[in-house]
A.B. asks: 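Got a structure for you, written out below as structure tokens; questions coming shortly.
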Amino acid sequence: MLSTKLKTITPSFTIGISTKVQQLRQQGIDIISLSIGEPDFFTPEAAKEKAIEAIHLNKTKYDAASGLTDLRKAIQTKLLRENAITYDLDEIVVSNGAKHAITNTLIAILDHGDEVIIPKPFWVSYPEMVKLIGGTPVLLDTKKENQFKVTPAEIESVITEKTKIIFITNPSNPTGAVYTKEELQSILDICLKHDIYILADEIYEKICYTSSFTSIASLSPAAKDITITVNGLSKSVAMTGWRIGYTASNKELAKAIASIQGHLVSHPSTISQWASVTALTECQEQMEVMIRTYKERRDLAVAALDKIKSLSYIYPEGAFYIFMDASTLKDKLQWKDSFSIELSNRLLDQARVAVVPGIAFGMDDFIRISYACDTNELLEGIQRIQDFIENL
């Protein structure tokens with residue numbers, strides 16, 4: 001007999017799409033996938049060589065639950081140099097990817113029934129993580145005209161005595177929106193007023209096309225104290241399979257997170273951690289190449305999308321996604337439970353292009369595409385979407 005918690009968990013839409021794409025490709029069908037949420041680059045050679053070296057040097061024993069000292073020092077340096085935040089080593093915990101870092105944080109903070117504010121659209125796993133830990137996700141509507149960036153008034157409208165945490169994803173998956181320093185300050189003021197933790201998911205922080213990026217924890221000592229900064233190497237250095245993420249928080253929280261992690265998984269793979277040390281300290285040039293490439297693809301993709309009059313989109317200033325409003329097509333499709341799932345299925349079955357339905361992010365009028373793919377495939381995929389819409 002399985003846990004009753006599983007009755008409230010929604011299966012992953014993105015995994016379901018990937019599975020269907022694989023099945024169709026195995027049948028010899030030409031599918032262009034614009035659904036992938038990972039870089040199409042490979043891990044830099046220097047990071048791979050460091051991992052191989054660590055294996056040959058037998059750096060394969062247990063280590064500290066909070067992560068290798070060398071890696072935490074590299075993260076500490078990065079946070080100071082790039083984000084203007086000073087952390088002690090015992091305020092940084094390395095985990096098995098950003099997902100694990102978020103889960104550790106939720107376990108450390110939430111009691112049963114505590115509420116977590118999750119602005120819409122949201123990354124697909126946030127509500128499920130909260131529910132699995134016994135918390136209550138509070139899904140908060142935001143406005144398209146504000147790029148779906150949450151405002152202080154919207155936050156205050158859902159705060160209760162049970163509110164413990166708010167997620168701020170910056171840059172956003174799925175929209176690519178980036179918060180300004182002033183917008184973050186206004187959010188911080190509300191959270192300080194109501195004693196709410198900020199879980200700042202900054203996994204796409206390096207993939208930012210604006211002139212500057214602000215980490216909310218950098219705004220003040222008070223901001224740093226209530227913020228749990230979550231980041232990792234999956235997106236910025238194309239290390240998705242290595243599973244390295246981290247949190248930076250106040251000492252009390254970091255100690256709790258490390259304790260939880262020690263009991264559940266001990267620590268992340270030491271080999272992955274050694275590779276990550278080199279990725280952070282020696283692979284900046286490769287990161288910059290990736291970011292320039294994403295920006296070039298972004299520019300080509302939005303130029304192509306501008307030709308499709310039935311679609312509008314949030315102009316992405318970061319990450320590698322475009323969140324498209326397809327609501328003008330609702331009258332042209334027969335659909336029952338979910339418009340975005342029906343549209344996504346039709347695009348896959350008829351146009352042979354995979355996208356992610358917006359319902360996965362809490363917004364059923366939308367679909368999401370990724371430009372973390374070959375440029376020719378990206379443009380061909382958008383052309384297939386355009387052809388499909390014109391033939392409806």
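For the numbers below, each heavy atom of this structure counts, side chains included, while hydrogens, waters and symmetry mates do not. Nothing fancy with the numbering, it's 1 onward along the sequence. The shown structure was predicted, so the numbers you read here are calculated from the model rather than taken from an experiment.
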A.B. asks: Can you tell me if Thr105 uses its side chain to pair, donor with acceptor, with the backbone of Ala101 under 3.5 Å?
C.D. replies: yes
A.B. asks: Within the structure provided, determine whether His100 and Pro268 are in side-chain contact (heavy-atom separation under 4.5 Å).
C.D. replies: no
A.B. asks: Going by the rule side-chain hydrogen bond (donor to acceptor under 3.5 Å, both in side chains), which residues pair with Thr227 if we only count those two or more places apart in sequence or in a different chain?
C.D. replies: none
A.B. asks: When you group the ILVMFWY residues by side-chain heavy-atom contacts below 4.5 Å and let the links chain together, are Leu34 and Leu379 in the same group?
C.D. replies: no
A.B. asks: Among residues at least two apart in sequence or on other chains, which ones pass side-chain hydrogen bond (donor to acceptor under 3.5 Å, both in side chains) with Lys181?
C.D. replies: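 Lys181 satisfies side-chain hydrogen bond (donor to acceptor under 3.5 Å, both in side chains) with no residue once adjacent residues are dropped.
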A.B. asks: Go through the steps to decide whether Tyr321 and Tyr204 satisfy the test ring-ring contact (aromatic ring centres under 6.0 Å, His included), and finish with yes or no.
C.D. replies: CA-CA 11 Å; Tyr321 307 108; Tyr204 291 98; 5.6 Å; yes
A.B. asks: Establish, from distance only, whether the side-chain atoms of Glu154 and Thr142 form a donor-acceptor pair under 3.5 Å.
C.D. replies: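 Checked: Glu154/Thr142 side chains show no N/O donor-acceptor pair below 3.5 Å.
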A.B. asks: Considering only heavy atoms from C-beta outward, does the side chain of Ile165 approach that of Ile228 to under 4.5 Å?
C.D. replies: no
A.B. asks: Shortest non-hydrogen contact from Phe122 to Ala360?
C.D. replies: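 In terms of heavy atoms, the two residues are closest at CE1-O, 3.7 Å.
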A.B. asks: How far does CG of Leu233 sit from CG of Leu71, to the nearest 0.5 angstrom?
C.D. replies: 7.5 Å
A.B. asks: Return the OG1 to CD distance between Thr43 and Gln286, rounded to the nearest 0.5 Å.
C.D. replies: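 Thr43 OG1 to Gln286 CD: 11.0 Å, rounded to 0.5 Å.
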A.B. asks: For a ring pair (Phe, Tyr, Trp, His ring centres under 6.0 Å) with Phe148, tell me which candidate from Phe361, Tyr313, Phe366 qualifies.
C.D. replies: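 Looking at Phe361, Tyr313, Phe366, the match for Phe148 under the ring pair (Phe, Tyr, Trp, His ring centres under 6.0 Å) is Phe366.
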A.B. asks: Given salt bridge (charged side-chain N to carboxylate O under 4.0 Å, His left out), test Glu296 with Arg292 step by step and report yes or no.
C.D. replies: CA-CA 6 Å; Glu296 290 168 0; Arg292 285 198 300 270; 5.8 Å; no
A.B. asks: Counting heavy atoms not belonging to Glu161, are there more than 12 under 6.0 Å from its CD?
C.D. replies: no
A.B. asks: Would Phe41 and Tyr294 count as a close aromatic pair, with their ring centres under 6.0 Å?
C.D. replies: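 Under 6.0 Å, so yes.
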A.B. asks: Roughly how far, to the nearest 0.5 Å, is the CD1 atom of Ile36 from the SG atom of Cys373?
C.D. replies: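 If I round to the nearest 0.5 Å, the distance is 9.0 Å.
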A.B. asks: Would you say the side-chain atoms of Thr229 pair up with the backbone N or O of Thr247, donor to acceptor, closer than 3.5 Å?
C.D. replies: no
A.B. asks: Quick check against the 3.5 Å criterion: does Asp114 have a side-chain atom that pairs as donor or acceptor with the backbone of Asp111?
C.D. replies: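 Yes, Asp114 side chain to Asp111 backbone: donor-acceptor pair under 3.5 Å.
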A.B. asks: Are Val289 and Leu378 joined in one hydrophobic group, where the rule is that I, L, V, M, F, W and Y side chains link up if heavy atoms are under 4.5 Å apart?
C.D. replies: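 No, it is not one cluster - the side chains of Val289 and Leu378 are not joined through contacts under 4.5 Å.
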A.B. asks: Give a yes or no on whether Gln350 atom CD has more than 12 heavy-atom contacts from other residues, nucleotides or ligands under 6.0 Å away.
C.D. replies: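 Enclosed.
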A.B. asks: Where do Thr160 and Glu115 come nearest, in terms of heavy atoms and distance?
C.D. replies: OG1-OE1, 2.7 Å
A.B. asks: What are the two closest heavy atoms between Gln147 and Ala177, and how far apart are they?
C.D. replies: O-CB, 3.7 Å
A.B. asks: Within the 4.5 Å heavy-atom criterion, are Met287 and Met290 side-chain neighbours or not?
C.D. replies: no
A.B. asks: Tell me, yes or no, whether the heavy-atom count around Lys78 atom NZ, taken from other residues, nucleotides or ligands under 6.0 Å, exceeds 12.
C.D. replies: yes
A.B. asks: For the pair Asp364 (side chain) and Ser338 (backbone), establish whether a donor and an acceptor sit closer than 3.5 Å, ignoring hydrogens and angles.
C.D. replies: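 It does not hold such a pair.
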A.B. asks: Between Ser220 and Leu188, is there a side-chain heavy-atom distance shorter than 4.5 Å?
C.D. replies: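 With C-beta onward as the side chain, the pair touches.
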A.B. asks: Leu184, Ile166: one ILVMFWY side-chain cluster at the under-4.5 Å cut-off?
C.D. replies: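 Cluster IDs for Leu184 and Ile166 match.
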A.B. asks: Any side-chain to backbone donor/acceptor pair from Lys162 onto Ile159? Under 3.5 Å, distance only.
C.D. replies: no
A.B. asks: Between atom CD1 of Ile389 and atom CZ of Arg384, what is the distance when rounded to the nearest 0.5 Å?
C.D. replies: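 Ile389 CD1 to Arg384 CZ: 14.5 Å, rounded to 0.5 Å.
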A.B. asks: Which atom pair, heavy atoms only, marks the closest approach of Pro152 to Ile187?
C.D. replies: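 For Pro152 and Ile187, the tightest heavy-atom pair comes out as CG-N, 4.4 Å.
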A.B. asks: Quick one: ring-ring contact (aromatic ring centres under 6.0 Å, His included) partners of Tyr126, sequence neighbours excluded?
C.D. replies: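 Residues passing ring-ring contact (aromatic ring centres under 6.0 Å, His included) with Tyr126: Trp123, Phe167.
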A.B. asks: Salt bridge between Asp365 and Lys144, side-chain N to carboxylate O under 4.0 Å?
C.D. replies: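 No, no charged N to carboxylate O under 4.0 Å.
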A.B. asks: So, taking the atom named NZ in Lys48 and the one named SG in Cys283, what distance separates them when rounded to the nearest 0.5 Å?
C.D. replies: 10.5 Å
A.B. asks: Looking at residues at least two apart in the chain, or sitting in another chain, which of them share a side chain to side chain contact (heavy atoms under 4.5 Å, CB included) with Gln386?
C.D. replies: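 Gln386: side chain to side chain contact (heavy atoms under 4.5 Å, CB included) contacts with Lys307, Ile308, Gln383, Glu390.
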A.B. asks: Output, in order, the C-alpha distance, side-chain angles, deciding distance and verdict of salt bridge (charged side-chain N to carboxylate O under 4.0 Å, His left out) for Asp299 and Lys295.
C.D. replies: CA-CA 6 Å; Asp299 293 343; Lys295 186 176 184 297; 3.6 Å; yes
A.B. asks: If hydrophobic clusters are built by linking Ile, Leu, Val, Met, Phe, Trp and Tyr wherever their side-chain heavy atoms come under 4.5 Å apart, do Val124 and Leu132 end up in the same one?
C.D. replies: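 Each belongs to a different hydrophobic cluster.
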A.B. asks: Of all the heavy-atom pairs spanning Val178 and Gly318, show the shortest one and how long it is.
C.D. replies: CG2-N, 3.9 Å
A.B. asks: Can you sort out the partners of Ala51 under side chain to side chain contact (heavy atoms under 4.5 Å, CB included), two or more places apart, ordered by chain and number?
C.D. replies: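 Ala51 satisfies side chain to side chain contact (heavy atoms under 4.5 Å, CB included) with Trp242, Ile271, Ala275 once adjacent residues are dropped.
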A.B. asks: So, are Asp90 and Lys251 salt-bridged, with charged N and O less than 4.0 Å apart?
C.D. replies: yes
A.B. asks: Report yes if the side chains of Lys330 and Trp335 come closer than 4.5 Å at any heavy-atom pair, otherwise no.
C.D. replies: yes
A.B. asks: If you apply the rule ring-ring contact (aromatic ring centres under 6.0 Å, His included), what do you find for Tyr87 with Tyr246, and how did you get there?
C.D. replies: CA-CA 13 Å; Tyr87 285 100; Tyr246 59 86; 9.3 Å; no
A.B. asks: For Asn146 and Lys149, indicate whether the former's side chain and the latter's backbone hold a donor-acceptor pair under 3.5 Å.
C.D. replies: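 Yes, the answer is positive, given that a donor and an acceptor are paired below the 3.5 Å cut-off.
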A.B. asks: Any chance you could measure Ile102, atom CD1, to Ile257, atom CD1, to the nearest 0.5 Å?
C.D. replies: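 Nearest 0.5 Å value for the CD1-CD1 distance: 11.0 Å.
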A.B. asks: Find out whether Met129 and Val116 are in side-chain contact, i.e. whether some heavy atom of one side chain is under 4.5 Å from a heavy atom of the other.
C.D. replies: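 Sidechains of Val116 and Met129: no contact.
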A.B. asks: For Lys120, look at atom NZ and say whether over 12 heavy atoms of other residues, nucleotides or ligands are found less than 6.0 Å away.
C.D. replies: yes
A.B. asks: How far apart are the closest heavy atoms of Gln261 and Val94, and which atoms are they?
C.D. replies: NE2-O, 2.6 Å
A.B. asks: Going by heavy atoms in the side chains, are Leu140 and Ser157 under 4.5 Å from each other?
C.D. replies: yes
A.B. asks: Would you say Trp274 ends up clustered with Ile55 if hydrophobic residues are merged whenever their side chains have heavy atoms under 4.5 Å apart, either directly or through other cluster members?
C.D. replies: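 No.
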A.B. asks: If a pair satisfies side chain to side chain donor-acceptor pair (under 3.5 Å) and one of its residues is in residues 51-65, list it, with sequence neighbours excluded.
C.D. replies: Lys50-Glu53
A.B. asks: Is there a donor-acceptor pair under 3.5 Å between the side chain of Asp325 and the backbone N or O of Ser312?
C.D. replies: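 Not confirmed, Asp325 side chain does not pair with Ser312 backbone.
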A.B. asks: Donor-acceptor pair, distance only, cut-off 3.5 Å: does the side chain of Lys235 make one with the backbone of Gly37?
C.D. replies: yes
A.B. asks: Could you tell me whether the side chain of Ser172 and the main chain of Thr169 form a donor-acceptor pair under 3.5 Å?
C.D. replies: no
A.B. asks: Is Leu347 close to Ile367 at the side-chain level, that is, under 4.5 Å between some pair of heavy atoms?
C.D. replies: yes
A.B. asks: Check whether Gln273 reaches the backbone of Leu68 with its side chain - one donor and one acceptor, N or O, closer than 3.5 Å.
C.D. replies: yes
